[in-house]
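From a predicted model like this one, the values you see are computed outputs, not experimental measurements.
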Amino acid sequence: MSEKPNTVTQASVTRPTLHLPKPHLRALPLRAVPLRSTCGRPHPCPPAMQRRILEQIGLFQGLSGDELASIGARMESLAWSAGEALFSAGEPAEHVYLLAAGQVKAFRTTATGQRTSLDFFGPGDVLGGLTWAGGSGYTETALALVTTCALQIDAGAFREVMFAHPSVALGVLDVVSGRLARARSAEQEQASATVTKRVATGLLRLADTFGVPGDAPGTTLIQLPLSRADLAAMAGTSAESASRAMSRLRRSGLIDTGRRWTAVLDADGLLAAR
């Protein structure tokens with residue numbers, strides 16, 4: 001996150017452009033430039049930049065500059081290349097991560113190796129040891145999808161921040177409650193909806209969170225590298241069933257896909273998908 005030449009921030013900003021073969025979608029840049037062997041290790045982050053990052057995170061809205069500086073002094077800056085783990089399920093939940101740039105997916109794995117409870121995070125999101133009591137472990141694994149930078153704070157220090165600033169604690173409660181509500185909604189969908197409907201609902205959810213408008217009216221581009229396993233975890237099904245559902249949605253003209261992107265061409269059609 002340093003502003004000096006040849007630093008992580010420049011690597012995450014100077015990146016290749018995705019050239020879509022479809023005329024109705026706008027090409028967007030990808031944060032896919034690999035980092036060197038310093039990934040996952042501390043690197044400089046100027047106080048001014050650190051404050052700008054904290055100002056973009058909903059938990060800290062309304063705090064003064066001095067309060068943000070005090071919180072920032074407890075943090076260190078880290079970066080990961082695509083495919084690297086920020087943390088893994090079962091490890092002690094020792095840190096909280098505040099994403100500054102990039103994309104992260106978090107998932108749980110069953111005893112048979114199947115991924116479940118898939119969720120995605122981007123700049124401004126908070127994940128990790130969001131608990132009031134220490135000693136627990138991470139319940140999921142978080143992987144960087146692209147070059148990702150985050151501010152890391154010790155879980156104990158973060159609890160002290162919550163006690164000192166009730167608005168932060170209330171914000172954490174909202175975050176945790178929202179994720180639990182999404183998990184319950186996904187469980188209900190998996191119990192009652194078809195695989196195609198579940199895939200369509202998951203894509204609409206991603207479009208709402210990560211989507212940007214395409215060139216054609218009503219189209220939305222989701223620039224996330226979704227694998228077959230990701231689609232399966234999102235829909236609570238097998239990779240083969242998720243792939244068949246995606247093929248049906250493509251044939252129906254509701255979506256289009258590429259190597260690292262998915263486009264929603266007809267949101268109303270996806271809502272009605274069966």
Side-chain angles (χ1 to χ4, degrees), residues 12 15-22 25 27-35 39-40 80-89 99 101-123 125 127 138-148 179 182-183 186 189-190 193-212 220-251 254-265 270 273:
S12 65
R15 51 195 185 266
T17 298
L18 175 65
H19 297 288
L20 302 178
K22 308 297 181 182
L25 297 174
L28 293 175
L30 278 172
R31 289 191 185 93
V33 177
L35 299 173
C39 298
W80 299 263
S81 285
E84 290 191 311
L86 281 68
F87 54 83
S88 298
L99 297 186
Q103 298 166 344
V104 172
K105 67 179 177 183
F107 57 88
R108 299 181 184 183
T109 304
T110 66
T112 60
Q114 182 179 358
R115 291 181 178 180
T116 62
S117 304
L118 183 69
D119 207 350
F120 293 90
F121 301 92
D125 284 332
L127 65 160
Y138 295 117
T139 59
E140 56 193 5
T141 296
L143 292 181
L145 290 171
V146 295
T147 298
T148 296
R179 290 175 188 172
R182 289 201 303 272
E189 290 170 359
Q190 291 173 16
T194 66
V195 171
T196 300
K197 181 64 175 178
R198 298 198 309 256
V199 170
T201 300
L203 292 176
L204 287 171
R205 189 178 297 122
L206 292 179
D208 184 58
T209 304
F210 294 99
V212 297
T220 303
L221 180 64
I222 308 167
Q223 197 166 319
L224 282 172
L226 297 172
S227 67
R228 280 163 44 101
D230 293 336
L231 293 168
M234 185 173 63
T237 188
S238 66
E240 293 75 15
S241 295
S243 294
R244 286 194 294 269
M246 289 289 285
S247 296
R248 282 198 248 6
L249 296 173
R250 276 193 298 268
R251 289 195 302 270
L254 302 178
I255 66 169
D256 198 2
T257 59
R259 181 171 174 267
R260 298 177 66 88
W261 55 270
T262 303
V264 174
L265 307 181
L270 278 184

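- I255 is not listed as a side-chain neighbour of L265, based on a closest heavy-atom distance of 4.5 Å or more.
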Determine, step by step, whether V212 and Q223 satisfy the side chain to side chain contact (heavy atoms under 4.5 Å, CB included) criterion, reporting the C-alpha distance in whole Å, the side-chain angles of both residues, the deciding distance to 0.1 Å, and the verdict.
-> CA-CA 8 Å; V212 297; Q223 197 166 319; over 6 Å; no

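- Note that the CG atom of L224 and the CH2 atom of W261 stand 13.5 Å from one another [nearest 0.5 Å].
- Between R244 and S241, the side chains place a donor N or O and an acceptor N or O closer than 3.5 Å (distance only, hydrogens not considered).
- Here the closest non-hydrogen pair linking T196 and A273 is CG2-CB, 4.5 Å.
- By the salt bridge (Lys or Arg N to Asp or Glu O under 4.0 Å) test, K197 pairs with no residue at all, sequence neighbours left out.
- Aromatic ring pairs are classed by plane angle as parallel below 30°, tilted from 30° to 60° and perpendicular above 60°; the pair F210 and F120 is perpendicular.
- Listed for the T237 side chain is no donor-acceptor partner under 3.5 Å among the backbone atoms of A232.
- Not a single donor-acceptor pair under 3.5 Å links the side chain of R250 to the backbone N or O of D256.
- Residues passing the salt bridge (Lys or Arg N to Asp or Glu O under 4.0 Å) test with D230, sequence neighbours excluded: K105, R115.
- Of all heavy-atom pairs between L145 and P225, the closest is CB-CG, 4.0 Å.
- Residues V195 and A245 come closest through the heavy atom pair CG1-CB, 4.0 Å.
- Here the side chain of D208 pairs no donor or acceptor atom with the backbone of R205 at under 3.5 angstrom.
- Using a 4.5 Å heavy-atom cutoff, the side chains of V104 and L127 are in contact.
- In terms of heavy-atom proximity, A101 sits nearest to P123 at CA-CG, 4.0 Å.
- Every residue meeting the salt bridge (Lys or Arg N to Asp or Glu O under 4.0 Å) condition with R228, not counting sequence neighbours, appears here in chain and number order: E240.
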Kindly determine whether L86 and L99 satisfy side chain to side chain contact (heavy atoms under 4.5 Å, CB included), including the steps that lead there.
-> CA-CA 11 Å; L86 281 68; L99 297 186; 4.2 Å; yes

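- Of the possible polar contacts, one joining the T148 side chain to the Q103 backbone as a donor-acceptor pair under 3.5 Å is found.
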